[in-house]
Amino acid sequence: MVDVVLQLIIFFMYTSAFTQFVRAPIDLPEQRGEGGEATADLVLDIAETGRWLVDGAAVTPARFGAIAQAEAASLGIGPDAFSVLIRADRNLSANHLNAAAESLDQLGVRRWRLGAVRPAGGSGAP
Amino acid sequence: MRFSRESPSRSRDRPVVFTTSFIDVVFLLLIFFLVTATFQREEGRLSSAREAERASGGSGADLVPQIIDVRADDTGLVFQIGERTMRDRPALEALLRPLPKDPGVFVRVYGSAPEHAVASAMQACRDAGFVRISYVPAE
């Protein structure tokens, strides 16, 4: 019995995504996405209020830019290859999303991804 | 009669580890992982290549850009391509399907739109077969 329980624990530890715990609880839109894991070199969370968060800490756009540049430098890659995942609240005004897109544009980041949560069933919200 | 090979003095010297509470810890860990695995929803991603079309030229740039305007009004979400206006994602996807895929598509987002409308438009593009999806903030 204990052996089985230990095997289960090992299974759940192996399959759990611990990176999810550091992400802020954001009400993401329900969409299927394009498959694959929602990972990136840097994750920017945008709350419904428009506040930007990196690793759960509030940041200004300027501070976010500095973090992104430092992260890209530590990875040894340029902004072209640097990937950013934006996890924005589903009810967030697009003004904030546009501001984030402009900020990434100024940093030279060409490709970024919008986070979504896969629906339990169906094809997602209309 | 001696049943043990070790002398009583040696067995007394051996450190004893109490494993009675071990099963409690194991069960608590199991419950923790079961609960966190159950309530954690898998996240997906929707790509956007903001600057892909601006950086690359060629034949794609010679075609008429396909632009989806995403905004919201008093009645709800609005997806507009040229003169055609759609109110939901399936209608948008149906309109996008026959369009040529090579030039890609621009998703122009107005500030009035909520984020889930942007995600819906990008998902419709993806489901319609577009690979190059560019996000364009509306002025």
Side-chain angles (χ1 to χ4, degrees), chain A residues 1-2 5-6 8-9 11-13 15-17 20-21 23 27-40 46 48 80 83 85-102 104-105 108-120 123-126, chain B residues 19 22-23 25-37 40-52 54-55 70-72 76-77 86-93 108-120 122-124 126-127 131 133-139:
Chain A
M1 169 89 180
V2 175
V5 169
L6 277 172
L8 284 170
I9 287 176
F11 170 75
F12 282 115
M13 285 181 73
T15 56
S16 293
Q20 303 288 326
F21 294 123
R23 292 182 180 176
D27 186 14
L28 297 175
E30 284 195 357
Q31 297 294 341
R32 282 200 308 274
E34 59 181 28
E37 294 181 18
T39 56
I46 308 180
E48 188 178 1
D80 284 0
S83 63
L85 172 68
I86 299 180
R87 297 175 70 247
D89 191 285
R90 68 187 310 277
N91 294 316
L92 177 77
S93 167
N95 279 324
H96 299 289
L97 200 58
N98 288 347
E102 294 285 358
L104 290 172
D105 186 25
V109 177
R110 290 185 175 181
R111 294 184 181 275
W112 51 271
R113 299 174 187 278
L114 197 60
V117 65
R118 293 195 176 93
S123 59
Chain B
T19 58
F22 178 67
I23 189 66
V25 176
V26 165
F27 269 116
L28 278 173
L29 283 170
L30 179 63
I31 291 166
F32 169 76
F33 284 113
L34 276 169
V35 169
T36 54
Q40 182 179 310
R41 298 184 66 180
E42 192 180 8
E43 289 188 13
R45 60 188 184 186
L46 296 160
S47 287
S48 172
R50 172 81 202 288
E51 293 295 306
R54 188 181 297 178
V70 181
R71 60 178 186 272
L77 304 179
M86 285 71 63
R87 293 283 178 179
D88 56 8
R89 188 169 69 95
L92 175 62
E93 186 183 332
R108 185 163 58 193
V109 180
Y110 289 82
S112 60
E115 193 269 350
H116 65 85
V118 181
S120 288
M122 292 173 72
Q123 184 70 57
R126 181 69 56 190
D127 293 344
V131 177
I133 304 168
S134 298
Y135 183 98
V136 182
E139 298 297 332

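Note that this is a predicted model, so its numbers are computed, not measured.
- If you measure heavy-atom distances from A:L28 to chain B, the contacts under 4.5 Å come from the side chain alone.
- Under a 3.5 Å cut-off, the side chain of A:N98 and the backbone N or O of B:V109 do form a donor-acceptor pair.
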Practice prompt. Just do the side-chain contact (heavy atoms from CB on, under 4.5 Å) check on B:E115 and A:D89 with the steps written out, would you?
Written response: CA-CA 7 Å; B:E115 193 269 350; A:D89 191 285; over 6 Å; no
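- Heavy atoms of B:A138 lying under 4.5 Å from chain A belong exclusively to its backbone.
- Within the 4.5 angstrom heavy-atom criterion, only side-chain atoms of B:I23, from C-beta onward, approach chain A.
- Under the 3.5 Å distance criterion, the side-chain polar atoms of B:S112 are matched with a main-chain donor or acceptor of B:A72.
- In this structure, A:L97 and B:Y135 have side chains that are in contact, with non-hydrogen atoms separated by less than 4.5 Å.
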